[in-house]
Amino acid sequence: MVINKDVVMQNVQCFGGAMFTPVILFSFFGIMVSLSIIFKNPDIVGSLADKGSLWYAVWYVIEQGAWTVFAQMPLLFALSLPIGLAKKNQARACMEAFVIYVVFNYFVSGILTLAGPFFGVDYSLNAGGGTGLAMIANIKTLDIGMLGAILISGITVWLHNRLFDVDLPDYLGIFKGSSLVVAAGFFLMLPVAYFFCLIWPGIQHAIGTFQEFLKASDAIGVWLYTFCERILIPTGLHHFIYTPFIFGPAIVDGGIQQYWLQHLQDFATSSHSLKEMFPGAGFSLHGSSKIFGIPGIALAIYATAKPAKKKAVAGLLIPATITAVVCGITEPLEFTFLFVAPVLFLVHALLAATLAATLFMFGVVGSFGGGLIDAVVQNWVPLFKYHSTTYIIQIVVGLSFTAIYFFVFRYLILKNDYKTPGRTDEDEKLYSKAEYKAKKALEGKMGENVKIDERDLKAAVFLEALGGKNNIKDVTNCATRLRVTVVDDALVKSVSTFTKAGAHGLVKNGHAIQVIVGLSVPQIRERFEALLQDKMAEDVISGTEKSTMLKAFVSGKVIPITQVPDEMFSQKMMGDGVAVYPQTELVTAPADGEITMVMEGSGHAVGMRLESGVELLIHIGLDTVKMEGRGFQVKVKAGQKVKAGEELVKFDKNLIEQEGYSSLVILAVTNSTEYPFMKLSAGMTAKVNETVIATF
């Protein structure tokens with residue numbers, strides 16, 4: 001079997017981006033746990049923290065909620081992975097993952113109840129550290145942690161992408177979609193659960209041996225870990241390095257961050273050295289370069305910029321540096337020099353590893369994987385009373401490395417004449433042709449007087465620069481990167497096209513492309529996907545007039561669905577949409593698609609599914625089901641493919657009104673929640689098959 005490198009990179013890229021989905025929650029919840037512990041510490045807030053006080057009670061309750069993501073980490077990973085990996089219907093894929101993951105744990109529980117000793121597991125023990133058992137969704141099961149959750153969720157996504165759209169015969173219709181995926185997962189989990197019972201106790205032993213090796217490797221282990229974590233950032237694979245350490249079992253069960261927070265109160269009331277109490281936290285020093293190294297790099301780039309460009313360079317560097325130091329997101333600054341001088345990035349990784357190892361040798365450990373916020377809230381404030389010397393040493397060593405970073409980078413930039421920002425003859429930010437074309441296209445779509453969000457513009461430029469809609473295979477994101485798999489990588493434009501539109505850089509691994517966007521990447525991804533769902537996206541960006549948006553399905557006055565005199569529609573229980581007071585008596589298809597449902601007997605409603613996944617319900621009149629088909633002539637049947645403008649239902653408007661019913665024709669997008677950028681038009685008199693009533 002030939003292994004395709006591009007396919008491997010595409011899958012790894014998608015997996016890495018999806019894996020980051022739950023990680024973005026940990027910073028907030030970690031801060032809330034830390035604050036709860038700080039405000040319950042009598043050494044910091046005095047008698048306010050006495051048990052029985054209202055102050056203590058409030059922070060106790062807050063702390064219980066703040067442990068949510070750490071206490072339910074495996075479940076969170078199982079639920080979150082389909083958001084990034086499922087090709088469609090991600091919400092249903094999340095439900096499927098939850099059910100299949102719980103089924104898996106019930107199977108494991110049943111197997112160990114009957115035959116625990118055979119697998120080398122004492123199932124009679126209470127779940128907890130050291131027993132190899134854990135409680136997942138109130139099920140005592142093997143402590144597989146997030147790794148097992150990720151694997152089971154990955155299997156679910158694989159089943160979902162292959163089985164969700166399988167068209168079963170009508171008599172098996174109840175097993176379509178999610179039912180089929182879960183049914184297949186149910187039976188597949190039986191051998192998977194048995195397999196885990198067979199191999200996982202041995203893996204737990206191996207992890208324990210690996211943990212002892214890392215602890216024994218002391219500063220060398222910290223250096224190697226930090227170097228690998230930094231040097232892999234350009235590839236986007238650094239998630240695979242730090243995740244098992246910070247959130248997984250590489251050092252301690254549950255990960256370094258969870259263990260640190262669980263024992264923060266103990267550390268805060270003990271004068272023993274932190275390194276002595278928890279040496280494994282040295283592997284969380286990889287974030288030290290974010291606080292101390294990045295400012296040195298930024299100062300060196302500023303100092304070596306041309307005098308006339310220093311102001312512009314400062315405007316570029318200051319927000320990127322603040323983002324790195326405060327939030328721990330370094331890519332926006334690192335990618336300003338990565339591609340023009342890769343050697344500088346290698347030096348950065350070497351210095352970052354040396355900084356972490358040096359701090360460890362001086363006795364510094366802690367939760368320093370993020371930026372300044374994590375350092376202050378999870379370390380300096382709660383622990384300063386008993387560990388002030390450690391943190392003073394950390395700051396002194398860190399600032400010394402800031403100076404080292406500055407002089408080393410300044411020397412290398414000048415000696416090798418690296419074209420870092422401010423050292424070229426080009427403007428640092430240009431209004432590119434691609435941006436101009438995208439801006440004019442968006443104005444044509446939204447109106448010249450409508451203020452265009454900068455993120456809409458970036459998404460449009462990125463789509464064109466990636467080769468257009470037809471060149472996009474799938475898209476995910478992590479904290480700062482838009483991760484895209486393209487059909488033809490030769491159609492992807494140069495790095496400068498992306499950077500001039502506001503990106504910080506571009507990483508190409510064959511067909512796996514990463515656009516370095518920054519912290520706004522989730523919003524840009526939503527807009528990017530909205531353009532992908534819009535059939536006209538590629539052509540509009542190129543400035544043509546083609547459009548396959550939803551067009552009027554009947555002529556007449558268009559009103560918002562919220563004005564329909566029926567709560568089922570006006571409250572959007574059937575989805576968002578519009579309604580028309582009809583002037584004609586023929587309902588036509590608003591776009592190309594497939595008929596999914598015809599209301600047998602009455603003929604007053606038709607369902608459609610478009611190629612993009614949009615699902616529609618067209619409902620003629622209110623309460624017209626009571627007419628039992630009188631006045632309705634259905635022109636289509638379920639399963640039939642139709643083109644935009646093709647006849648669906650002919651109805652007798654006068655007969656409907658004579659019998660006392662409203663002839664209002666409603667179009668509801670039944671899965672409208674999947675299209676946050678759907679735009680509906682109302683208030684005008686529409687002409688059937690001509691007037692655009694919705695874009696996605």
Side-chain angles (χ1 to χ4, degrees), residues 7 10-12 14-22 72-115 119 121 123 127 133-201 203 248 474 476 609 613 615 671 673-674:
V7 172
Q10 292 163 26
N11 292 333
V12 168
C14 291
F15 183 79
M19 195 167 63
F20 195 82
T21 304
Q72 305 296 336
M73 194 182 299
L75 201 57
L76 183 64
F77 272 95
L79 280 167
S80 299
L81 212 63
I83 297 173
L85 292 180
K87 294 179 180 178
K88 59 173 66 175
N89 298 100
Q90 289 90 345
R92 297 190 183 190
C94 290
M95 179 197 71
E96 295 156 10
F98 170 76
V99 175
I100 292 174
Y101 180 57
V102 171
V103 165
F104 164 79
N105 282 294
Y106 271 121
F107 283 159
V108 170
S109 175
I111 292 170
L112 294 180
T113 298
L114 296 175
F119 298 102
V121 177
Y123 193 68
L133 301 171
M135 296 298 295
I136 303 293
N138 207 33
I139 308 164
K140 188 164 71 169
T141 182
L142 279 174
D143 186 8
I144 304 173
M146 68 159 194
L147 298 179
I150 288 171
L151 177 62
I152 302 305
S153 190
I155 292 173
T156 301
V157 171
W158 180 78
L159 291 171
H160 174 87
N161 289 339
R162 283 156 180 77
L163 300 178
F164 186 82
D165 282 336
V166 170
D167 191 17
L168 297 175
D170 289 344
Y171 61 86
L172 293 176
I174 193 172
F175 294 110
K176 289 182 180 180
S178 292
S179 295
L180 181 60
V181 175
V182 171
F186 180 92
F187 291 108
L188 183 57
M189 285 305 105
L190 276 167
V192 171
Y194 181 84
F195 179 72
F196 265 93
C197 290
L198 200 61
I199 69 163
W200 192 253
I203 292 176
D474 56 54
T476 60
R609 181 186 295 114
E615 297 176 357
N671 60 344
T673 55
E674 297 179 18

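Keep in mind it's a predicted model, so treat the numbers as computed, not measured. The basis for the numbers below is simple: all heavy atoms, side chains too, and nothing from hydrogens, waters or symmetry mates.
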Nearest heavy-atom pair of [X] and [Y]: which atoms, and what distance?
X      : Y      : result
Ala184 : Leu163 : CB-CD1, 3.6 Å
Val121 : Pro201 : CG2-CG, 3.7 Å
Leu142 : Cys197 : CD1-CA, 3.8 Å
Ala149 : Pro74  : CB-O, 3.0 Å

Rounded to the nearest 0.5 Å, what separates atom [atom1] in [X] from atom [atom2] in [Y]?
X      : Y      : atom1 : atom2 : value
Phe104 : Ile136 : CZ    : CD1   : 10.0 Å
His160 : Met95  : NE2   : CE    : 10.0 Å
Ile144 : Leu133 : CD1   : CG    : 10.5 Å
Leu188 : Trp158 : CG    : CH2   : 7.5 Å
Tyr123 : Thr113 : OH    : OG1   : 4.0 Å
Leu190 : Ile111 : CG    : CD1   : 7.0 Å

4.5 Å side-chain heavy-atom contact, [X] and [Y]:
X      : Y      : answer
Glu96  : Pro82  : no
Phe164 : Leu180 : no
Ile152 : Met189 : yes
Tyr106 : Thr141 : no

Write out all pairs satisfying salt bridge (charged side-chain N to carboxylate O under 4.0 Å, His left out) with one or both partners inside residues 156-166, taking only residues at least two apart or from two chains.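 Passing the test, one end in residues 156-166: Lys88-Asp165.
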Using the ring centroid of each side chain, check whether Phe186 and Phe107 are separated by less than 6.0 Å. yes
For the pair Trp200 and Phe196, name the ring-plane relationship: parallel under 30°, tilted 30 to 60°, perpendicular over 60°.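 Tilted.
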